[in-house]
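Below is one structure; the comments refer to it alone.
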2 protein chains.
Amino acid sequence: MGIKALDYESLNENVKKVQYAVRGELYLRASELQKEGKKILAVEHSSNVCTNMQDVSLYDFLESTSVLGEHVVALCQAPFLLDDPNVGLLFPADAIARAKHYLSLTSGGLGAYSDSRGIPGIRKEVAEFIERRDGYPSDPELIFLTGGASKGVMQTLNCIIRGEGDGILVPVPQYPLYSATISLLGGSLVPYYLEETANWGLDINDLRQSVAQARMKGITVRAMVIINPGNPTGQCLSEANLREILTFCYQENLVLLGDEVYQQNVYQDERPFISSRKVLMDMGPPISKEVQLISFHTVSKGYWGECGQRGGYFEMTNIPPQTVDEIYKIESIALSPNVPAQIFMGLMVNPLKPGDISYEQFVRESQGILQSLRRRARIMTDGFNSCKNVVCNFTEGAMYSFPQIRLPPKAIEAAKKAGKVPDVFYCLKLLEATGISTVPGSGFGQKEGVFHLRTTILPAEEDMPAIMSSFKKFNDEFMEQYEDNLSHSRM
Amino acid sequence: MGIKALDYESLNENVKKVQYAVRGELYLRASELQKEGKKILAVEHSSNVCTNMQDVSLYDFLESTSVLGEHVVALCQAPFLLDDPNVGLLFPADAIARAKHYLSLTSGGLGAYSDSRGIPGIRKEVAEFIERRDGYPSDPELIFLTGGASKGVMQTLNCIIRGEGDGILVPVPQYPLYSATISLLGGSLVPYYLEETANWGLDINDLRQSVAQARMKGITVRAMVIINPGNPTGQCLSEANLREILTFCYQENLVLLGDEVYQQNVYQDERPFISSRKVLMDMGPPISKEVQLISFHTVSKGYWGECGQRGGYFEMTNIPPQTVDEIYKIESIALSPNVPAQIFMGLMVNPLKPGDISYEQFVRESQGILQSLRRRARIMTDGFNSCKNVVCNFTEGAMYSFPQIRLPPKAIEAAKKAGKVPDVFYCLKLLEATGISTVPGSGFGQKEGVFHLRTTILPAEEDMPAIMSSFKKFNDEFMEQYEDNLSHSRM
């Protein structure tokens, strides 16, 4: 027999080129260690790290909203419960009312396909949420619900990328969804570096240089991705920076893809979240009429953390109707996004209001959690900065800490001998010594010779000091070991 | 400003090439008519036809299983209900036990991402189901859960198709998922025609000819799709035919993609469903060791019809481990399939057994429904065959009727004048006259000059005679009108 179509040698090269490092050696080793009975501290939060691990309901999120949300979706899943005379014994009145509302928006309950763009009534609620947030009207016909924000990003890039001559500007470090999708679609990733020493800020001059370099290689730069708040870097973009970015997109004729999935996760007051769309509208014509913008949001982050439901939306601004139709057509191929997550999206964009039964509990809890997350961001940043050869920017938003680990030359050499990328080597040692499971910075991209790791700030506040002291003990011993070796070898 | 990346002129050409006709003029017109207050009989079953229409819980499926399933998933959505002392008042004991079981398989409830391949414990249950069905062991590591069967088909084709030189054999008529995905991925569809006069059978000689023709055009044929039971044609492939197909795939070095989503929907005894995998294993080496097979299944069909949940799986046979890893990597990009649908999949592959509380009700209901569907398939086929210029094969399986409509030349001419494809013209007239919403055959592919329409056999049995008599009245008048015109014009 010759080579077959699904033999590795014969696969689509773009599939093989995809790198997706979040699932990698660390995850596999952590899974093994757990099977052997070791307690793993999965401070990382992703399908690929949390999977199979016992602890990981990392989110201790709002009882008021999440319980309400889960009550509502449970009733929608089993709508015959609404006719049961005992329903009021298990379900609160507001959950029953909302379940009836969302069921009335579906075309036959959760068991029926929805429109491929999502349920019209829920897209309307998303539009109302955007309008309240930004102060500008939003059109439900330009909002598509998706099975998680990732799917929306993939569909959008599929429309933009025509071949390897098409480039997409992506921040480095970046969330690997972007690099992986661009590889899969056979396009070119055009990196722009976030500046660690400027708190992971974005310098428009660097951006300009990245575009110029790409053009010299014959690449047509078609779009720019921003992740705001940043993943893995945690920075929030200022309004001034967003204006510069939008002006740049206008001048360079770029589509802006605004990954804004962490918009509810902000841990300081100096730079609140501000949407790309609001800044675009504020800027007025011609920019507000010209720049093509697609913004993404999700039910997986924020107060909700309903990751396993796979719900998201994207909103299109300045996209011509014919293109909207093309995107609709492409969404139709897989029929419809899942309906339960659409209802979670409706609930997320319709939070409790003054007068609602659980409103006061909601305010109390949401403030309590946000304040706790602010403290956790601080404990973690300070903890990392107290370690030998570790420097770490404060987590302004999102939910990650991304410390730089300055590895001594001997450690880099030892990694090379072990056949490992240096930060993978470090993270594996950390895992073996402490059970702390992290993601090496090389999975996100970093400047040559610079190393990081990513953790979330989500572990329970009371566990945080012990985690950080366990980390410090490992790190400082690691550094001493490899610096000692260095001085010994010099003697 | 120049042309922007999301202007229509500038989009990825593969996106523009996609044809997806199920959402088309008929759907749009039906939606309009419904808004105007006309009662629409959405005998079609798809996101694109049912959407926004009021009636469409077309499935009157098993109370015993669907109520149990919905109870279970409701409890999994709101697991705190399990601690409520009143839970037994609303939820039966078997639902409570199963909810606890499935929650124990997740890594933190429905709000947490699962492994990108799906929850390991549920993949194990799928493997056990396959083993019971086929009599051969199945490996959970070679089963991936997906957000609907469509997503699995799209991922698989993405691995196979490298460019327009790669061809995929697809039956005509076919479910447009295949043609649309192949266009989107920039591959070549190599059609093989099902023979309507042989009850939509598959002739291996025709297949051989299709491959030969494709090769003459320089196309490398890499894979073959079979839909069994057939959509839209409703035929069940015989074991002998499956053996021929597998031998053909072996000889021609083709991956076989077995779309078996309708495996529970069979309405006759002569040709029961038999899986491609069972036939492959039965054939023994070398074929059983060599032919690469991927089989697809879903929670959207069968007794379940949980379309809106978006749950499916695919099983890989004879796929090398390195390729399995590549597919895992690609699935990781969008993190994980939605978790509620994974639980529905677990429930679907674990039906009630003798001794379970609701087992007898399950047997009674499932037999009742299957018998009713058999009667409906018969009423519909006979109804179509009683109409002027309509011929229709019996629906052996799946859930569609696909009658051929022999349009008089004058009707074809009138369609041309109206700027419509002839079967679209006919279906639009049918919709306007009767409210019956169907899908024109041109959306699925058909031989040149031959016309069809697709309906489901799902409308309630008691409504069926009225629907068929309304159809007959319209059809026979239509035929008379255009044949009359013909004879007049001849005079």
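Every chain is numbered from 1 and lettered A, B, ... according to where its sequence line falls, protein lines coming before strand lines.
The residue among Ile333(A), Val153(A), Val255(A) with the most heavy atom pairs within less than 4.5 Å of chain B is Ile333(A). Interface check for chain B: of the options Asp84(A), Ile294(A), Leu254(A), the most heavy-atom pairs under 4.5 Å are formed by Asp84(A). The candidate from Val72(B), Leu81(B), Val73(B) with the greatest count of non-hydrogen atom pairs under 4.5 Å with chain A is Leu81(B). Contact count versus chain A (heavy atoms, under 4.5 Å) is highest, among Gly148(B), Pro340(B), Ala341(B), for Pro340(B). Comparing Lys16(A), Gln342(A), Met154(A) by how many heavy-atom pairs each has under 4.5 Å with chain B, the most go to Lys16(A). For the set Leu89(A), Val291(A), Thr156(A), the count of heavy-atom pairs under 4.5 angstrom toward chain B peaks at Leu89(A). For the set Pro321(A), Gly186(A), Gly308(A), Ser10(A), the entry with the most heavy-atom pairs within less than 4.5 Å of chain B is Gly308(A). Annotation: maximal heavy-atom pairing with chain A below 4.5 Å, among Leu110(B), Val87(B), Ile160(B), occurs at Leu110(B). Contacts with chain A were tallied for Ala78(B), Gly163(B), Pro79(B); Ala78(B) has the most, counting heavy-atom pairs under 4.5 Å.
Across Asn158(A), Leu185(A), Leu157(A), Asp166(A), a single residue satisfies side chain to side chain contact (heavy atoms under 4.5 Å, CB included) together with Asn12(B), and that is Asn158(A).
Judged purely by atom type and a 3.5 angstrom limit, Lys329(A) uses its side chain to pair as donor or acceptor with the backbone of Val15(B). Put simply, the side chain of Arg310(A) gets close to the backbone of Ala334(B): a donor and an acceptor are under 3.5 Å apart. Not one N or O on the side chain of Arg162(A) forms a donor-acceptor pair closer than 3.5 Å with the backbone of Glu13(B).
Neither the backbone nor the side chain of Leu105(A) comes within contact range of chain B; no heavy atom of the residue lies under 4.5 Å from a heavy atom of that chain. Val299(A) does not touch chain B: none of its heavy atoms, backbone or side chain, sits under 4.5 Å away. Contact of Ala180(A) with chain B is made through backbone and side chain together, with heavy-atom distances under 4.5 Å. Proximity to chain B (any heavy atom under 4.5 Å) is shown, for Pro286(A), by neither the backbone nor the side chain. Residue contact with chain A, scored on non-hydrogen atoms closer than 4.5 Å, involves the side chain of Ile330(B) exclusively. Residue contact with chain A, scored on non-hydrogen atoms closer than 4.5 Å, is absent for Ile327(B). Using a 4.5 Å cut-off between heavy atoms, Thr220(A) makes no contact with chain B at all. Only the side chain of Ile319(B) comes within contact range of chain A, with at least one heavy atom under 4.5 Å from a heavy atom of that chain.
Side-chain N/O atoms of Asp7(B) and Gln292(A) include a donor and acceptor closer than 3.5 Å.
By the 30° and 60° cut-offs, the orientation of the rings of His71(A) relative to Phe80(B) is perpendicular.
Nearest heavy-atom pair, Asn338(A) versus Gln309(B), reported as atom, atom and distance to 0.1 Å: CB-O, 3.4 Å.
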Fill in: Leu6(A) and Cys159(B): CA distance, side-chain angles, deciding distance, side-chain contact (heavy atoms from CB on, under 4.5 Å) verdict
CA-CA 7 Å; Leu6(A) 283 171; Cys159(B) 291; 4.0 Å; yes
Discussion item. Please determine whether side-chain contact (heavy atoms from CB on, under 4.5 Å) holds for the pair Phe91(A) and Leu90(B), giving the CA-CA distance in whole Å, both sets of side-chain angles, and the decisive distance to 0.1 Å.
Written reply: CA-CA 10 Å; Phe91(A) 293 90; Leu90(B) 259 80; 3.9 Å; yes
Practice prompt. Would you please test Glu290(B) and Lys4(A) for side-chain contact (heavy atoms from CB on, under 4.5 Å) and show each step?
Written response: CA-CA 9 Å; Glu290(B) 289 288 348; Lys4(A) 301 178 202 113; 2.8 Å; yes
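Within the 4.5 Å cutoff, the side chain of Leu11(B) has heavy atoms near those of the Thr323(A) side chain. The closest side-chain heavy-atom distance from Lys151(B) to Lys151(A) is below 4.5 Å. Looking only at side-chain heavy atoms (C-beta outward), Gln77(A) and Cys76(B) stay at 4.5 Å or farther from each other. You'll find the side chain of Ser300(B) reaches within 4.5 Å of the side chain of Tyr113(A), heavy atoms only. Contact check for Leu335(B) versus Leu177(A): no side-chain heavy atoms found under the 4.5 Å cut-off.
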